[in-house]
Amino acid sequence: MLIIGELINGMFSNISRALKERNKEVIQKCALAQVEAGADALDVNCGPSSKDPVTDMQWLIETIQEVTDKPLSIDSSKPKVIEAGLKICKARAIINSTTSDQDKMDTLIPLAIKYNARLIGLTINAKGIPQNKDQRLELAATIVSNCVEKGFAPEELYLDPIVLPVNVAQSQMYDILESIREFKIISEPSPKAVVGLSNVSQGTLSRSLVNRTFLAMAIAFGLDAAILDPQDKELMDTLITSELLLNRHIYCDSYLDAYRKK
Ligand code: THG
């Protein structure tokens, strides 16, 4: 499982303040804490209140790269912000993300090829978020075929079914899980599946419990990567145990410690 830490996001007030004040220490501590907790990559998002996201994204990336060489997931809906980030990423970046809109794919797939980046493809288009599994799969297939046409390997593509909060979209949770399974049969070699996990629990009381229960289920449906809070220890223990139960690593009495030392 590719674990992408979600905490460097201007949606969080400490990050948005640090970004405005150019406080490197807050960002660097947050980056290192996530890496120590088990993140393989770090999501970087300037947040909704950034007035100059190109400059802010570059400052965040430079600041993070002073303390870690983990890959970064450049999280922006603006291709200009993504390219500004790609230009300065030292490790192999993740583009987060393209939609299935033609103009977005025509810009971002060539950028992924040019910068040898992995690519997240959201099953969403200008018409909005799909309301069922078939619509998700149709948009996913559009993204996969555009990648293949343009020469981007599907196994470097992470399809995202768009996880919605359970308190507003309870009837869609099972469709989202099934989409993860069916993404894999769109092409051979298969594309991968990713989710923004914390979306599922937004506005709920038992956030951590909802997150980790959904994560265990999504892993059983074939999830390959997740944007999540790696500092939630129970969540990380659930992730490791789910993979153990699916025979993805070998059981020993100290399997949690063994995984963390990997
Ligand atoms: N897919 C992809 N990228 C994504 C998402 C996705 N990037 C952003 C987001 N979704 C994943 N990251 C987060 C980060 C934080 C929260 C949810 C998802 C979160 N934040 C608190 C909230 O909204 O309640 C904010 C708390 C605060 O303000 O302090 O839940 O789906 N590809």
Side-chain angles (χ1 to χ4, degrees), residues 1-20 26-27 30-31 33-34 37 39-50 53 57 60 71-79 81-82 85 93-101 104-105 108 112 117-125 128-130 136 139-140 143 156-169 172-173 176-177 179-180 183 191-212 214-215 218 223-232 235:
M1 171 78 56
L2 179 71
I3 299 164
I4 307 171
E6 74 179 7
L7 297 174
I8 302 180
N9 190 316
M11 182 199 297
F12 295 106
S13 54
N14 64 325
I15 300 297
S16 131
R17 201 174 321 117
L19 187 52
K20 275 193 199 104
V26 169
I27 304 297
C30 182
Q34 293 186 85
D40 303 306
L42 300 175
D43 195 60
V44 187
N45 184 317
C46 304
S49 68
S50 167
M57 179 60 79
L60 279 174
L72 303 180
S73 153
I74 309 170
D75 188 350
S76 171
S77 57
K78 301 186 174 75
V81 175
I82 289 174
I94 302 164
I95 294 177
N96 186 12
S97 49
T98 184
T99 62
S100 78
D101 292 304
K104 275 286 183 74
M105 293 187 292
L108 291 166
R118 287 176 279 190
L119 176 65
I120 295 177
L122 303 180
T123 56
I124 188 174
N125 64 13
I129 298 178
R136 285 188 167 83
L139 299 180
I143 301 173
E156 304 297 328
L157 172 68
Y158 289 75
L159 291 166
D160 183 334
I162 314 260
V163 171
L164 300 166
V166 64
N167 64 351
V168 299
Q172 289 214 43
M173 297 297 125
I176 292 170
L177 293 168
S179 301
I180 292 170
F183 285 165
K192 295 188 166 66
V194 65
V195 294
L197 183 68
S198 304
N199 303 359
V200 76
S201 65
Q202 273 171 332
T204 68
L205 270 184
S206 312
R207 289 204 69 170
S208 175
L209 174 62
V210 173
N211 287 341
R212 67 181 179 268
F214 191 72
L215 181 64
L223 190 71
D224 301 284
I227 304 166
L228 52 70
D229 175 3
Q231 288 187 283
D232 181 339
L235 176 67

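On a predicted model such as this, the values are computed, not experimentally measured, just so you know. Remember, it's 1-based here, ligands and their atoms both numbered in the order they're listed.
- Counting only heavy atoms of the protein, atom 17 (C) of ligand 1 lies nearest to Ser198 CB, 3.5 Å.
- Summary of contacts: the protein heavy atom closest to atom 20 (N) of ligand 1 is Met11 SD, 3.2 Å.
- For atom 23 (O) of ligand 1, the closest heavy atom belonging to the protein is Gln202 NE2, 2.9 Å.
- Among all non-hydrogen protein atoms, the one lying nearest atom 13 (C) of ligand 1 is Glu6 OE1, 3.6 Å.
- Taking a cut-off of under 4.0 Å to the non-hydrogen atoms of Ile120, the atoms of ligand 1 that pass are 32 (N).
- Shortest contact from atom 25 (C) of ligand 1 to any protein heavy atom: Phe12 CE2, 3.9 Å.
- Taking all atoms of both residues into account, the shortest heavy-atom contact from Ala218 to Ile180 is CB-CD1, 4.0 Å.
- Residue, atom and distance of the protein heavy atom nearest to atom 1 (N) of ligand 1 are Asp160 OD2, 2.6 Å.
- Side-chain atoms of Gln231 do not come within 3.5 Å of backbone N or O of Gln34 as any donor-acceptor pair.
- Closest to atom 3 (N) of ligand 1 among all protein heavy atoms lies Asn96 ND2, 3.1 Å.
- Side chain of Ser16 to backbone of Met11: no donor-acceptor contact under 3.5 angstrom is found.
- Scanning the protein for heavy atoms near atom 18 (C) of ligand 1, the closest one is Asn199 OD1, 3.5 Å.
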Given side chain to side chain contact (heavy atoms under 4.5 Å, CB included), test Ile27 with Leu60 step by step and report yes or no.
CA-CA 8 Å; Ile27 304 297; Leu60 279 174; 3.7 Å; yes
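- Atoms of ligand 1 lying under 4.0 Å from any heavy atom of Arg207, numbered from 1 in the order shown and given with element: 19 (C), 21 (C), 22 (C), 24 (O), 30 (O).
- At a threshold of 4.5 Å between non-hydrogen side-chain atoms, the residues Ile3 and Leu228 count as touching.
- The distance from the CG atom of Leu197 to the CG atom of Asn211 is 4.5 Å, given to the nearest 0.5 Å.
- The shortest distance between side-chain heavy atoms of Asp43 and Asn96 falls below 4.5 Å.
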What's the verdict on side chain to side chain contact (heavy atoms under 4.5 Å, CB included) for Phe214 and Val163, showing C-alpha distance, side-chain angles and the deciding distance?
CA-CA 10 Å; Phe214 191 72; Val163 171; 4.0 Å; yes
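- Shown in contact with Leu122 at under 4.0 Å from a heavy atom are these atoms of ligand 1, numbered in order with element: 32 (N).
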